[in-house]
Structure formats: structure tokens, C-alpha cells
Amino acid sequence: MNSRRDFLKHMTGAAVLAGGVPLMWALPQAATVEVPGEDGLLVRSFRFVDLETPVEYFNTWLTPTPHFFVRNHMHEPSELDAKDWRLSVGGEIEKPLTLSLADLSKVETHSVVNTLECAGNGRSLHRPQVPGVQWGKGAVSTARFSGPRLHDILQRAGVKPTGKHVMFRGLDEVPGKVPPFIRSIPIEKALDSDTLLATHMNGSPLTKHHGFPARALVPGWIGAASCKWLTEIKVLENEFVGNFMSPGYRFPNQPGQPGEAVKPEDTHPLTALTVKSVISAPSDGASLKKGKVTVHGAAWAGEADIAKVEISTDNGATWNATRLAHDQARYAWRLWSYDWKAGNSGDYTILSRATDNRGRTQPSTAVWNPSGYLYNAIDQVNIHVS
Ligand code: MTE
């Protein structure tokens with residue numbers, strides 16, 4: 001990575017609201033990033049590298065790895081040698097294992113195309129605003145992840161009947177008293193045939209930003225479930241107790257009043273993602289000529305399938321079905337497009353609304369919660385037609 005000084009040269013005001021833009025629709029401004037291996041991403045934090053994918057990049061089904069967002073809670077491991085790396089598997093199992101990368105490469109490989117979204121994606125759009133990384137709309141990307149199934153490794157280790165949760169520990173460098181990045185998932189999801197110990201992304205070994213040499217890939221679930229730089233897997237009797245399970249990554253059991261505190265006992269851990277669409281073109285604030293305007297975007301629904309995406313250009317009075325692109329996979333977003341005939345000049349708001357095969361539809365207002373998770377309100381861009 002560039003030196004901190006070089007990097008900061010390119011930071012022109014991360015996490016600062018745009019002056020003069022009405023608060024309701026202002027996204028935090030961020031500089032594009034110059035990090036080797038990353039290309040054109042927006043810096044949301046530099047102390048721990050948090051890089052957002054501009055929505056204009058949501059134009060390919062698979063996100064090229066240099067365009068894939070990055071979310072780190074702490075420093076990336078500074079020393080990672082593939083030869084020395086080991087993964088320990090312990091806890092409620094018959095046979096503890098210590099696996100090298102060579103050991104993993106001997107296990108049958110499985111591939112999953114997954115849309116990975118940070119639970120905090122869209123946090124800056126919640127009102128009232130909430131603290132935390134002020135993500136715009138682009139803490140989400142899609143890639144083909146490959147590696148052994150976690151199921152096969154756990155089967156080799158022999159899970160005892162008492163094993164009900166599977167914990168992952170990352171090799172992050174923990175600054176000061178910050179608790180280490182450890183989270184757990186229930187055994188049913190761990191044993192799902194699509195849950196991976198991913199060693200590859202888009203056909204190449206994982207890059208360091210994305211968890212080299214191996215990460216968990218828990219498809220359809222919030223990104224935090226997919227622990228990077230794995231060093232330890234432990235089968236537990238109970239859900240792991242720690243900062244990133246509680247108070248982190250929990251959601252109110254019942255929607256409360258925006259701005260209202262929620263008691264920890266009235267929350268549950270976040271698991272699968274919800275239904276959502278984002279408009280990738282035209283860009284917010286674009287000036288266009290009258291005539292055909294093709295509206296593009298992406299839509300995803302975690303473990304569910306996208307059933308339809310609709311567009312409105314008259315503030316929600318009427319909705320029109322978009323075309324869903326051909327590429328699809330169980331946990332991956334669908335790209336969509338809609339040809340709009342912009343007949344009259346003026347200011348327009350384009351709205352997009354996704355519905356999944358479980359009947360969930362994007363709401364006009366996302367459920368407010370103190371940590372700003374799972375923002376999924378109907379998306380909108382404002383444009384001018386002349
Ligand atoms: N794993 C470790 N070890 N440390 C982390 O900070 N961040 C999590 C998850 N896995 C994180 C981690 C979060 S919050 C997200 S959204 C995803 O990684 C982001 O994955 P990416 O950086 O490959 O996009």
C-alpha cells in the first residue's frame with residue numbers, strides 16, 4: 001500500500017457531508033483511492049482500510065476484484081506467508097486438525113457466486129444519522145468464490161452432537177484493547193454445501209484485502225459472517241460471546257421509533273441479507289437529453305431470489321417492470337435495465353424497487369436501528385432532462 005502520507009493526499013473529505021446538498025439525499029463524499037490492486041474505490045476510512053465500490057461499477061455481474069469493496073475492522077495482518085500459514089480446527093469435534101494451504105488444496109473445490117454486502121451498507125442514508133463507517137450504497141460486490149466446503153473439513157474433524165455453532169477467528173492485527181475479530185454461525189449454515197473456506201476469488205488466489213490465504217464464505221449472509229485471514233475454526237456448544245456478536249451485528253426484534261435506544265435483550269444477531277436494489281445509471285445529479293434513457297442497476301435478496309425489479313419516474317404513482325439480465329445464481333445479484341422514454345424536460349426522480357420470491361418488497365423507508373444496519377429503502381436518483 002502507498003504510504004499513509006501519499007494515501008491521505010487523495011483523501012479530500014471522507015465521511016463529510018457535501019456542502020449545500022440537501023441533507024436527505026447527500027451521500028458522504030470520499031476521494032477515489034490509490035491503493036495498489038484497488039481501482040477507483042471510495043475511501044470511507046483509512047485508519048482501517050474501508051473502501052467503497054462506486055455504484056457506477058455495478059455494471060458487470062461479477063465485480064472485478066480491484067473494484068470489490070473492502071471492509072476491515074482493524075489492521076490487515078502485516079505478515080502472511082502462505083508456506084507457514086496454518087488453520088486449526090478444534091472444539092466440539094472428535095479429531096483436532098491443523099491444516100496447511102497444501103492440505104486445503106487437496107480437498108474438493110466448490111464455487112459459489114455470492115453477493116457480499118456489509119450489514120452497514122447504506123448507513124449514511126438512515127435518518128436520524130447513526131455513528132459508524134458512513135457507507136454510501138457501494139459496500140456490496142459480487143464474485144465467484146472457490147475453495148473447500150466447510151462441511152467437508154468439519155466432517156473430517158467429526159463434529160460431536162454437542163457442536164451447535166462454528167466460530168471463526170481472523171488474523172487481523174488488533175490495535176490496543178480492541179477485541180479480536182471472532183464471530184460464529186449456527187452449525188446448520190456451517191454444514192450447508194455452499195458454505196466455503198474460500199481460497200480463490202474470481203479464479204485467482206484471494207488478495208490480501210479480501211482475506212488471503214483463506215476466508216470463510218457464508219453465502220447470502222451479512223459480510224461480517226465471512227471472516228477473512230482465517231487462523232482458527234472452533235466448534236462450540238453455544239453462540240460465541242464477543243464484541244462482534246454482541247453488541248455488534250444485532251438488529252432490533254421489533255422496529256422502534258427512529259432515534260430510540262434498543263435494549264440488548266430486544267435484539268437478535270443478523271444473519272441473511274434482505275431484499276434490495278440500487279440504480280447504477282444514470283448517476284444521481286446527471287443531466288440528460290430528452291429521448292431514450294436506459295436505467296440500469298443491480299438487485300439482490302440474500303438467500304432468496306429476486307422476483308422482479310420495478311422503476312417509477314412519477315414519484316411512485318406508477319411502476320414499470322424492468323428486464324432482468326440472464327446471469328443468475330442462488331446468492332448473486334441480478335443486473336436489470338429499463339428503457340425509459342424521457343419525453344418532457346424537467347427534474348425527475350427515478351425510483352427502483354425490488355421484490356423477492358418470498359414476497360418481500362423494498363420499503364419506502366428502511367427500518368431505523370441504532371447501528372444503521374440493513375438499509376434497504378427503495379432506491380432513488382435525481383436527474384435533469386433537457
Ligand atoms: N474478517 C476479518 N478477519 N476482519 C474483518 O474486519 N470484516 C467483515 C468480513 N470479514 C472482517 C472480516 C466484514 S464487516 C465484511 S462486510 C466483509 O469481511 C468484507 O469483505 P471484503 O473486505 O472482502 O469485501
Side-chain angles (χ1 to χ4, degrees), residues 1 33 35 37-39 41-45 47-53 57 62-78 80 85 87 112 114-123 132-133 135-145 147 167-175 178-185 195-202 204-233 240 242-245 248-250 269-273 300 302 333 371-375:
M1 183 183 294
V33 66
V35 174
E38 305 299 332
D39 178 13
L41 303 189
L42 307 167
V43 182
R44 292 296 175 212
S45 151
R47 178 163 183 247
F48 307 128
V49 179
D50 290 319
L51 310 176
E52 178 169 334
T53 304
Y57 287 3
L62 297 180
T63 312
T65 304
H67 290 174
F68 201 102
F69 85 99
V70 177
R71 168 60 169 132
N72 294 335
H73 280 275
M74 40 201 110
H75 299 298
E76 297 186 354
S78 51
L80 270 175
W85 177 84
L87 174 63
V112 174
N114 181 57
T115 293
L116 193 77
E117 184 184 23
C118 185
N121 190 27
R123 178 179 286 123
V133 178
W135 295 110
K137 301 175 187 177
V140 56
S141 303
T142 299
R144 178 173 282 113
F145 293 90
M167 178 209 104
F168 305 116
R169 177 196 287 262
L171 272 172
D172 320 48
E173 288 179 11
V174 180
V178 175
F181 192 84
I182 308 178
R183 299 194 78 248
S184 69
I185 60 172
T195 298
L196 305 181
L197 296 184
T199 53
H200 287 68
M201 183 173 169
N202 292 333
S204 300
L206 288 173
T207 62
K208 190 166 164 189
H209 287 310
H210 297 295
F212 174 86
R215 76 179 298 167
L217 194 270
V218 183
W221 282 32
I222 59 163
S226 294
C227 182
K228 302 193 278 189
W229 314 293
L230 275 180
T231 182
E232 184 188 0
I233 294 175
F240 178 74
N243 179 62
F244 294 100
M245 295 300 292
Y249 295 110
R250 298 184 82 82
L270 286 170
T271 56
L273 294 169
W300 60 98
W333 63 20
S371 301
Y373 294 135
L374 299 187
Y375 181 89

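In each ligand, atom 1 is the first atom listed, and ligand 1 is the first ligand listed.
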Checklist entry - If you measure from NZ on Lys228 to NE2 on His209, what distance do you get to the nearest 0.5 Å? => result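 Those atoms lie 8.5 Å apart.
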Looking at side-chain heavy atoms only, is the closest gap between [X] and [Y] below 4.5 Å?
X: Ile233; Y: Leu197; answer: yes
X: Cys118; Y: Val140; answer: no
X: Trp333; Y: Thr63; answer: yes
X: Met201; Y: Thr207; answer: no

Below 3.5 Å only, please: the N or O atoms of ligand 1 paired with protein N or O atoms, distance on each line.
{"residue": "ligand 1", "atom": "1 (N)", "partner": "Lys228", "partner atom": "N", "Å": "2.8"}
{"residue": "ligand 1", "atom": "3 (N)", "partner": "Asp172", "partner atom": "OD1", "Å": "2.8"}
{"residue": "ligand 1", "atom": "3 (N)", "partner": "Asp172", "partner atom": "OD2", "Å": "3.3"}
{"residue": "ligand 1", "atom": "3 (N)", "partner": "Lys228", "partner atom": "O", "Å": "3.1"}
{"residue": "ligand 1", "atom": "4 (N)", "partner": "Asp172", "partner atom": "OD2", "Å": "2.6"}
{"residue": "ligand 1", "atom": "6 (O)", "partner": "His73", "partner atom": "N", "Å": "2.8"}
{"residue": "ligand 1", "atom": "7 (N)", "partner": "Arg71", "partner atom": "O", "Å": "3.3"}
{"residue": "ligand 1", "atom": "10 (N)", "partner": "Ser226", "partner atom": "O", "Å": "3.0"}
{"residue": "ligand 1", "atom": "18 (O)", "partner": "Arg215", "partner atom": "NH2", "Å": "3.4"}
{"residue": "ligand 1", "atom": "20 (O)", "partner": "Arg215", "partner atom": "NH2", "Å": "3.1"}
{"residue": "ligand 1", "atom": "22 (O)", "partner": "Arg71", "partner atom": "N", "Å": "3.0"}
{"residue": "ligand 1", "atom": "22 (O)", "partner": "Lys228", "partner atom": "NZ", "Å": "2.5"}
{"residue": "ligand 1", "atom": "23 (O)", "partner": "His210", "partner atom": "ND1", "Å": "2.7"}
{"residue": "ligand 1", "atom": "23 (O)", "partner": "Arg215", "partner atom": "NH1", "Å": "2.7"}
{"residue": "ligand 1", "atom": "24 (O)", "partner": "Phe69", "partner atom": "O", "Å": "2.7"}

Item to check | Close aromatic pair by centroid cut-off 6.0 Å: Phe48 and His75 | outcome: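 So the answer is yes for these two rings.
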